[in-house]
Amino acid sequence: MHTVEHTFSVVVNTTDRAASLRTLLQALEQQAYPHFEVIAVVGPTHDNTLEILEKYGSRVSIRRCPVANLSVSRNIGLQAARGEIVAYIDDDAVPARNWLLQLNRLFADPSVTATGGIVYLVHPHHAVVQHRLGIISALAEQYDVRSGLLDQLPPAGMGRFWTMRMMGTNMAYRRQALLDIGGFDEFYEWVYDDSDLAVRLAAAGHFIQPGAEACVYHAPASSRNRVAYTYQGRWWIQTKAAVYFSIRNGRAVGVPRRDILRRIGYFVHGHMLWQHHLYREGTISFGQMLKLQTQEIKAAAIGAASALFSPPKLLSPAPSQESQTPPSMHSYQDETSPLQPLADPVSGRQPAVTLVEPPLRIALLSHHYPPQHYEGVGRHTNLMAKGLFELGHTVHVLTHGARENVSFYDGAYVHHVPYRLNRYPHLRHLHKVHHLLNYSHAVFERLQRLVLNDDIQLVDTPVWQADGFVCAVSGMLPVVVRPQTAQRQIGQIERVRDDDTRLVGEIEESLLRRAAYIAANSNATVSALAEVYGIAGAYAPIQVIPHGIQPVDEQAVRPFPLHNPPTHLTVLYVGRLEKRKGIQELFAAIGKLHARLPHVRFIIAGADNSASDGFKRKTGLSYPAYFQKHYPQCAPAVTFLGEVSEEKLQSLYQSCDLFVAPSLYESFGLIYLEAMNYAKPVVGCRAGGIPEVVDDGVTGRLVDPQSADQLAEALFDLLRAPHLLYEYGLAGRQRLLDRFTYLHMARGFEQVYRQVLHRNAQAQQK
Amino acid sequence: MKQRLTVTDILNSVEFELMQHTLLQDDVADGIQRLRAYQLQTRNELLSHGKNPSLNAVIDAQFNTTEMLLTLLQVIDQRCAALQQDLRRAAFAQQHGATPTGAAPAEGAQPDDAQEGRARGAVAPALTSLPAAMTPAAIHFDDAPFATAALDAFITDEPALLEMDVRQSQTPVLGGLVNRVRRELHELVLFYANKVVRQQAEVNRTYGNALQELVAASQAQAWEIQELRAQLLQLTAGQPTVATRPHDDISPAT
């Protein structure tokens, strides 16, 4: 099928949602397909909608709709449209960059009259696939189609006439076809307008073919009809529309009268049951329930009367003068459009930067990701995403999830990728490898869709769990690799030599060798790459970009109270309880310190990992139990908290007097930064990347790894010197602000990504 | 002896999966080309002069080729299914009397007019042009009723329950006691065995009923399909037809 370039009129119907509208208009600037105009039809608005629109000058064609009626507004947009295709999008939605490009591809088939794509609801706490492929009957029975539609025809239901339908926030039609059938029926002031159009188009013999791509991200905002994510709304409008729809379309296709009545009964009864449920759970009072139920009956009566005794409110079917000879369109995009960043579709927050180069479109991979999981790689990826968003770039994060959905969290679209163990069956006996490959393949498939819809330019993957391995092997996109502590290193430290771990190590190495660029978090990591994997700069350029975190507000910073020192000092340890973290050395040091400093309390926060690192097998005890048994005299001074929430963790950092983490190896040591954020002095080991974070004698103390004596001495020295606790703490905070914020880190990655894309472009030119 | 897996094996597996994926996406012809290329490459790798491949490597390559063939077959099968669906769509549209795809309705026509036109038995011209050669074969259900009837006869019989069969002891003095103990034990075993037999019979009955319902439903569908085909053929031949939709006995709501 050859490519046809259609002209599009994007119609946005808006009333009192200025913030969402601004986000949408900004996103439309980023559309990859340039041949479109934007028509904004403004209802009876009371906010600064018109002010926002006027900023766009002649780029946006503004029309006024005197009534708050979506169908009237849509028809005004239709009559103003000049493009061959009219595409409707809600003012609280954001299209993917290739939205129009994909719609244009679907309209390349001349038999297609109407199409649309997938809609993701992107609220951080309500993320679902809102609409994929849907069908609707003449009695307003709706289903999502998961497999072949025609195998299920006719589905269970009474409606007889079934057709594909699109959701109002992502639908496009050939303009002439829409005018021919009289546009939208203006009885529908809200909901069912899109479905009614689908039924009428199908009945008129037009072909409706929604696609699986062309996605739109929807962040429902409140309106006069409903308060988003609550029960509060004028739901009786839905009943009125459904009754009208069922009678009008049901009669048109010859559905028996008793079936129409039954369907109306089910619908009204369903709403009443829901209202009764709200009353039972105490959300509404008895009076409110009665009022709502009366409204339901009244609405049903209005809908029925209108369907039976009034003609449909359609546009005149005669083709207008304009539609015969459409004048030229005002293109929406101009020379500044490529430099417009995307805004947060949920909150409307804008990055506070002026871009001089077009924003990047990046996919970051992380198996775990906040807010579900706060752990090293996930937190690092989260901060990168946040920083890149602040710099104006579009970021998509791919993380594991039980169901496919997309949310917008902390500056990035977060795509949850489920996976099944249905590939690589011959590797089933290797648990880690089998999971790794299957997940990596699922990620690859999701990336393919992101390339189609969001025009991703580059993938950034951690070595940990090698999420981007299949993508790197496929060569689909350039892959930047972030090495942290990897399986092979852990295998060496913990002396694990099974086949599974060995092969995961080889996969990590293979991923590194396929990287377009390696962004290491410390010089220690660069050395480890050479030592553990035999990889130097010969394979891919390597750059050190230290981790960064978000500095807390000055009011939250708690330096040591020099003039009013506490009677009991608190030492905090954060990290998993395992050999690599030096937990046994800490136990020994506590044992030595307790007699000398009985007023010191130790708090140990982190999950017990004794089962995984072999400690329990060897001793038969967990780490806390081991401590209780071998250091019973110190037990009252030590509190084991286990794994704690993010909020609790931050409060622990804030309230401690000294932070200690005697890890035998850390590729970087984010935990030290977290403590320095609150102006706390830190104690660590001269191992891995820790000396690059902790300045010995300036922001804390460093000791040799596996030396409990040195550790005890360092803790003793600091705990006996309040002025050191104060000075080291403040110096640590300043060092963080100077070098280790998430914006420092994001700028480093931005440079790396631009270099990779530049080299890629050069290679393609050659 | 098992060979030690290396990352090369992993990479081969990943590349193979990626190729499978491409096969599913690309056209069948393209897939065949890829299959040929793979076969040629494998042949060169394994059997060119001076190479001495292991039996495992040859078998492995053969399995991969078979896998790709199966995938191709799967794709072809999907295409066939899609074609069948197109036919069914045509039949469905005919049943509901839609105008041909993409065609604009008559000037001034309202959507409801189109529906009413359909209800009067108006047939879209494009749908009458299905060639007779495409008529699928008739569906036969000759054997199924006999099979289900036999099954039904079998499972409706009362389950054959186990009966007491205790060998009598001839031991003097203690024989009576031994026989009594044996009888008690047998009764216990019989109680549980017969319970299982009854439950199994119940399960069989349920299966049988479900099967019969399925066969009846399939028969009804087969009849309906055959009727549709007959109508379609009549329409193809340009003969006027009378609408025989399932709910024609019910007058439309007014």
Side-chain angles (χ1 to χ4, degrees), chain A residues 110-113 148-151 153-154 160-162 176-177 180-182 199-207 247-261 311-312 314 317-318 423-424 426-427 430 433 437 440-441 444-445 448 469-470 473-474 499 503 505-507 509-510, chain B residues 4-11 13-18 20-22 25 60 63 78 81-82 84-89 91-93 95-119 124 126 243 245-254:
Chain A
S111 66
V112 173
T113 298
L149 163 66
L150 290 155
D151 277 345
L153 268 180
R160 294 182 74 169
F161 187 89
W162 292 85
Q176 193 57 50
D180 286 343
I181 64 157
V199 172
R200 286 192 292 121
L201 274 173
H206 292 286
F207 186 34
I247 294 176
R248 187 165 288 284
N249 291 309
R251 288 176 74 207
V253 302
V255 178
R257 195 182 305 163
R258 65 163 185 273
D259 283 353
I260 297 177
L261 281 170
L314 300 173
R423 293 192 168 93
Y424 309 99
H426 57 294
L427 299 171
L430 301 165
V433 172
L437 290 179
S440 183
H441 215 106
F444 167 72
E445 286 182 347
Q448 281 187 312
F469 177 62
V470 172
V473 174
S474 76
D499 251 14
L503 277 169
E506 289 190 26
I507 288 171
E509 185 179 331
S510 178
Chain B
R4 191 175 144 115
L5 278 169
T6 65
V7 76
T8 314
D9 302 307
I10 303 277
L11 284 169
S13 304
V14 171
E15 277 165 9
F16 179 68
E17 279 290 335
L18 288 170
Q20 291 276 62
H21 187 79
T22 321
Q25 285 191 332
D60 195 39
F63 271 127
Q78 280 173 355
Q84 279 178 346
Q85 286 189 349
D86 278 349
L87 275 174
R88 291 183 62 190
R89 183 160 61 187
F92 178 74
Q95 187 193 354
H96 291 270
T99 53
T101 298
E107 197 176 337
Q110 292 295 310
D112 291 1
D113 297 343
Q115 299 301 333
E116 281 161 21
R118 190 201 61 241
R245 291 175 302 140
H247 301 291
D248 265 3
D249 53 325
I250 303 160
S251 58
T254 51

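Order of the sequence lines sets the chain letters (A, B, ...), proteins ahead of strands, with each chain counted from 1.
- Heavy-atom minimum distance, L503(A) versus V7(B): CD2-N, 4.0 Å.
- In this structure, chain B has heavy atoms under 4.5 Å from both the backbone and the side chain of I507(A).
- Taking the side chain as every heavy atom from C-beta outward, L437(A) and E17(B) never approach each other to under 4.5 Å.
- Considering only heavy atoms from C-beta on, L427(A) comes within 4.5 Å of I10(B) through its side chain.
- When all heavy atoms of V14(B) and Y424(A) are compared, the pair lying nearest together is CA-OH, 3.5 Å.
- Neither the backbone nor the side chain of I247(A) comes within less than 4.5 Å of any heavy atom in chain B.
- To the nearest 0.5 angstrom, D9(B) atom CG is 7.5 Å from H426(A) atom NE2.
- Contact of S510(A) with chain B is made through the side chain alone, with heavy-atom distances under 4.5 Å.
- Between E15(B) and V473(A) the shortest side-chain heavy-atom distance falls below 4.5 Å.
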